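Please read all numbers here as calculations on a predicted model, not as lab measurements. Hydrogens, waters and symmetry mates play no part in the numbers below; they use all other heavy atoms, side chains included. Here is the naming used below: chain letters follow the sequence lines, and residue numbers restart at 1 for every chain.
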Amino acid sequence: MTTKRSRSLSSAAADSNAPQNGIASLLSPKAQGKRRVTTSSPPPHVGAPPNRLIIAIDLDSFYVSASRLLDPSLIGQPVGVKQKGLLATCSYEARALGVRKLSTVRDALRRCPALILVDGEDLTWYRRLSAKVWRLVRGVVGPWDGKVEKLGLDELFVDVTEMVDAHIRGREEGKTREDAGRVFFQVAPDSEPEAGFWYDTLGKPIGHVLPLDSHASSSEDTPSSTYRSRLILTTHLALHLRNLIHSQIGLTTSAGIAHNKVLAKLVSSRHKPAKQTLFLPRSAEDVVRFLDDEADVRAIMGFGGAIVSKMRESLGATSSEAAANDDASPPLSVSLARKAFPLAHLTTLFGPRLGIRLHGLLRGLDDEEVAPTPLYPLQISIEDTYRGLKGQEVVAEQMRLLAASLLRRLEGELMGSGAGMLSSEPGKAEQMEKQDDRGKWQRHDMPLFLPGEQGNITGKEAPISDQKVIVRCYRERESDPSESSTWQRYPLTVRLSIRHGWGKRTSRSTAMPLDIFDVRTLSRRERAERLAGVLMGLLLRGGPGQGQGQGQISGEALLGGEGLNLINIAALNLATRRPAAQPLRTFFDAGGGGAARQKRDSVDMETLLQLPEDIRREVAAQYGIVLEEQEAVVGAEQESRLDTGCEEDEDDALWDDLPPIPAMDPSSPANIASSSLVCSHCGVAEAPWLQHDHARWPIYGVPAVLLGSATASEGSGA
DNA sequence: ATGGGTCCT
DNA sequence: AGGACCC
């Protein structure tokens with residue numbers, strides 16, 4: 001995106017279908033050139049590069065397969081993995097006996113008394129295995145700037161464009177090994193025994209191909225045979241990755257290969273388990289025809305419950321009245337959605353950005369990049385559900401339990417020894433890790449508990465009538481944290497979310513008490529106690545401001561009507577370095593917001609201006625935007641952004657080094673008007689509205705008496 | 001429904 | 001802080 005491509009405004013109204021990543025991207029540059037002469041030029045697309053090669057990988061019935069790695073006696077058996085009263089997933093053997101994913105445990109047992117239940121509420125093992133798969137794949141494609149994105153625990157998106165094209169370049173330059181009509185695809189730049197795979201040069205794809213007649217008739221013209229062969233080569237790479245996951249980790253996968261994420265994911269589920277599918281359309285009509293096979297728009301990633309229900313509502317207003325409810329009504333088909341919702345309709349319902357995106361999705365257009373999953377997550381949270389949790393002590397007790405288990409997770413996932421986890425060779429280290437891991441896990445059989453129908457005293461759970469049913473739980477033996485292990489990330493914020501019997505979630509957040517990081521001097525119980533204290537404070541005494549009008553979260557939540565239904569605790573805002581002490585929040589609230597917000601507001605215009613011209617005009621007209629003016633404004637913004645070059649934050653940098661006070665330039669007259677604003681005690685220049693706090697809590701924003709002690713406690717309202 | 005996650009507004 | 005999406 002470095003060079004600004006000249007925009008040919010003369011491009012005819014051509015086709016709103018012609019495409020960001022539709023059929024234009026299926027044409028080689030050469031073919032595009034030809035097409036440009038005969039018809040009109042496709043709108044220049046600024047953004048996702050065309051011609052991407054995307055693999056979507058799906059781990060087959062992941063919870064079941066992962067459980068089987070821990071407990072081989074589950075192999076070949078009907079297995080259901082339960083979370084509370086539901087089956088999160090079940091084995092294919094169970095499905096053959098009539099068990100359905102997401103059915104209630106009671107239903108499943110009725111249909112299949114032999115069903116073996118596995119506890120899936122503690123995700124530790126699944127999370128670890130999932131991360132291992134991600135690291136394995138990233139280890140292969142990473143060196144080529146390949147991107148690997150995790151979606152949930154059991155799906156990956158992989159962008160292998162660079163990797164495949166590098167191979168093809170090497171092959172054109174005669175740098176690859178060939179033998180009897182076969183070529184070696186070397187997947188690691190300089191591996192000792194060459195890592196990679198052989199493929200034949202006949203150009204036959206591996207696995208299934210859609211649309212069905214797509215590969216049979218190989219007309220030479222459109223789309224370009226080069227692009228087709230790149231996709232076909234990608235099927236070999238996909239198989240290689242899947243073989244790797246199977247041999248190194250022991251999981252089978254399904255995969256889809258296409259030129260964008262949405263289509264790759266769609267085809268990956270067309271042939272299931274342990275199969276792969278290539279999407280190889282010859283035209284935009286092929287794409288649309290393929291999508292029209294879907295009876296439910298919800299199959300398209302991006303169409304969720306809220307969107308579909310809003311669409312159905314809007315449809316019901318003009319056609320039938322019975323569209324009110326989600327569940328009972330028949331699904332909205334892709335073809336109906338496309339015909340009934342022209343662009344203007346979608347942008348009216350959902351705004352320009354989302355509207356345009358959905359409009360594209362209905363035509364198979366998706367320029368969303370594969371976003372590499374970072375080494376550490378952006379947030380870590382735990383939650384549990386209840387049946388009307390009431391009473392301050394009862395709630396406090398649960399809070400302690402949840403706090404302790406959050407701390408266990410933070411220690412497990414955010415502590416380590418610096419460079420430890422990176423790029424281990426697939427050979428020994430992985431094997432060691434594998435065996436190590438599994439030895440520490442033990443099975444415990446617990447009686448089955450299900451949410452009770454009749455109100456019970458704890459408000460939690462009641463055993464179902466048949467006491468003989470057991471649930472297999474797998475737990476890791478706790479091991480001592482090694483001496484060299486230190487925090488790699490520090491969550492600066494903790495957020496409490498709750499749900500009452502009735503309504504939606506509400507949440508609020510505050511600074512993380514810093515002594516939870518003191519693993520050497522404080523026991524987990526002690527640290528959990530402190531965290532739980534902060535959380536109870538959040539629950540009881542309303543929001544950060546004093547006179548908050550909407551304090552629905554407080555008081556009555558503990559005693560009133562229905563009690564708590566859900567508690568979720570999240571650790572977020574993960575910094576790379578340990579904060580010195582509690583930051584002054586007011587400082588950031590005052591200083592930080594403005595520039596970033598402005599930037600974000602301008603994004604809408606930028607994306608609007610990047611659209612194909614006809615769509616841009618249509619949306620602009622609908623919103624009364626004068627395009628010429630906006631082009632000038634955005635252009636100026638882009639240039640000034642280059643000038644300043646000071647990007648600043650990038651989340652951690654802001655928080656890292658320093659207590660916040662020096663972050664504001666004290667020498668700037670705009671900020672500090674007179675020397676009377678310099679603190680008489682410590683000499684730090686302070687904005688007027690902070691003088692009071694600063695006097696109470698010099699420098700670090702905590703009371704001075706706490707600075708000497710080993711652990712500065714939270715400096716919140718004392 | 002569950003026990004998580006992501007990004008956008 | 002809440003809402004949408006994903007699994």
Side-chain angles (χ1 to χ4, degrees), chain A residues 56-59 61-63 80-89 100-108 119-124 126-127 130-131 134 149-157 261-262 265 268-269 298-310 326-327 349-354 357-358 361 368-374 376-387 402 405-406 409 413 450-451 493 495-499 503-510 538 542-545 548 550-553 565-572 596-597 600-601 603-604 607:
Chain A
I57 299 177
D58 197 322
L59 305 174
S61 49
F62 174 58
Y63 285 172
V81 180
K82 57 146 276 196
Q83 289 172 335
K84 285 294 181 324
L86 294 178
L87 284 194
T89 190
R100 295 291 150 227
K101 214 192 259 193
L102 297 187
S103 73
T104 67
V105 171
R106 239 181 269 275
D107 265 14
D119 174 75
E121 288 166 31
D122 181 346
L123 299 178
T124 308
Y126 308 110
R127 216 152 13 216
S130 172
W134 168 71
E149 176 181 356
K150 249 158 76 60
L151 188 58
L153 294 185
D154 68 340
E155 287 182 20
L156 296 176
F157 288 108
K261 285 168 69 175
V262 160
K265 182 174 160 133
S268 80
S269 57
R298 294 209 50 175
I300 300 176
M301 184 177 53
F303 287 86
I307 285 172
V308 172
S309 121
K310 205 164 170 183
D326 296 353
D327 240 9
L349 284 177
F350 301 108
R353 200 140 115 162
L354 186 51
R357 161 130 245 266
L358 296 174
L361 288 179
E368 200 171 292
E369 296 273 349
V370 174
T373 294
Y376 292 95
L378 306 175
Q379 90 187 30
I380 292 180
S381 71
I382 51 143
E383 69 189 38
D384 206 344
T385 51
Y386 309 90
R387 303 205 134 242
L402 289 172
S405 79
L406 178 63
R409 267 196 69 195
E413 296 183 27
L450 290 174
T493 307
R495 181 183 65 201
L496 174 68
S497 306
I498 60 170
R499 199 206 306 130
K504 325 216 168 212
R505 279 181 195 225
T506 60
S507 63
R508 56 173 69 108
S509 59
T510 188
L538 225 38
Q548 191 132 41
Q550 35 182 337
Q552 265 70 352
I553 197 172
N565 217 337
L566 167 107
I567 302 179
N568 173 297
I569 311 175
L572 19 110
R597 181 166 301 281
R600 226 174 291 131
D601 285 349
V603 164
D604 260 342
T607 50

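Take A:R357 and apply the side chain to side chain contact (heavy atoms under 4.5 Å, CB included) test, not counting sequence neighbours, and it matches A:L361, A:D366, A:E368. By the side chain to side chain contact (heavy atoms under 4.5 Å, CB included) test, A:I380 pairs with A:P377, A:L406, A:R409, A:L410, A:E413, A:L414, sequence neighbours left out.
In this structure, A:S381 does not reach the B:dG3 phosphate: none of its side-chain N or O atoms is under 4.0 Å from OP1 or OP2. Within the 4.0 Å cut-off from OP1 or OP2 of C:dC7, at least one side-chain nitrogen or oxygen of A:K265 is found. At the phosphate of B:dG3, OP1 or OP2 sits under 4.0 Å from a side-chain N or O atom of A:T385. A:K150 has no side-chain polar atom (N or O) that falls below the 4.0 Å cut-off from OP1 or OP2 of B:dG5. Contact check, A:S507 against C:dG2: a side-chain N or O comes under 4.0 Å of OP1 or OP2. In terms of phosphate contacts, A:S509 brings a side-chain nitrogen or oxygen within less than 4.0 Å of OP1 or OP2 of C:dA1. Within the 4.0 Å cut-off from OP1 or OP2 of B:dG4, at least one side-chain nitrogen or oxygen of A:R409 is found. For the OP1/OP2 pair of C:dG2 and a distance below 4.0 Å, the side-chain nitrogens and oxygens of A:R495 include no atom meeting the criterion. At the phosphate of B:dG3, neither OP1 nor OP2 sits under 4.0 Å from any side-chain N or O atom of A:R127.
Considering only the side chain of A:K504, C:dG3 comes nearest among B:dT6, C:dG3, B:dT2. Closest to the side chain of A:R298, from the set B:dC8, C:dC6, B:dG4, is C:dC6. Ranking B:dT6, B:dG4, C:dC7 by closeness to the A:L151 side chain, first place goes to C:dC7. Of the candidates B:dA1, B:dT6, C:dC7, B:dA1 carries the atom nearest the A:L86 side chain, counting heavy atoms from C-beta on. For A:I307, whose side chain is taken as the heavy atoms from C-beta onward, the closest listed nucleotide among B:dG5, C:dG3, C:dC5 is C:dC5. If you check C:dC6, C:dC5, B:dG3 against the side chain of A:M301, the one that comes closest is C:dC6.
The pair A:E369-A:K261 does not meet the salt-bridge criterion, since no charged nitrogen lies less than 4.0 angstrom from a carboxylate oxygen. Using a 4.0 Å cut-off between charged side-chain N and carboxylate O, A:E383 and A:R505 make a salt bridge.
In this structure, CG of A:L123 is placed 8 Å from P of B:dG5, rounded to the nearest angstrom. Rounded to whole Å, atom C1' of C:dA4 lies 13 Å from atom CD of A:E368. The distance between atom CG of A:L156 and atom P of B:dT6, rounded to the nearest whole Å, is 15 Å. What separates CZ of A:R508 from P of C:dA1 is a distance of 7 Å, to the nearest Å. In this structure, A:D119 atom CG and B:dT2 atom C1' are separated by 11 Å, rounded to whole Å. B:dC8 atom P lies 11 Å from atom CZ of A:R357, rounded to whole Å. Computed from coordinates, the A:R387 CZ to B:dA1 P distance equals 11 Å when rounded to whole Å. B:dG3 atom P lies 11 Å from atom CD1 of A:I382, rounded to whole Å.
Each of A:L378 and A:A88 was matched to the nucleotide of DNA chain B holding its nearest heavy atom; the match closer to the 5' end belongs to A:A88. For A:L566 and A:Q379, each mapped to the nucleotide of DNA chain B holding its nearest heavy atom, the one lying further toward the 5' end belongs to A:L566.
If you check every strand for non-hydrogen atoms under 4.0 Å, A:E383 touches a base. Using a 4.0 Å heavy-atom distance criterion, A:F303 is classed as a sugar-phosphate-only contact. Residue contacts shown for A:I380 are limited to sugar-phosphate atoms, with no base heavy atom under 4.0 Å away. Among the protein residues, A:G120 comes within range of no part of the nucleic acid, since none of its heavy atoms lies under 4.0 Å from any strand.
Classification of the A:Y63-A:Y126 ring pair by plane angle, with boundaries at 30° and 60°, yields tilted.
The main-chain N or O of A:K150 is found under 3.5 Å from a side-chain atom of A:T373 such that the two form a donor-acceptor pair.
Two residues are said to be in side-chain contact when any heavy atoms from C-beta on lie closer than 4.5 Å; A:E149 and A:E155 fail this criterion.
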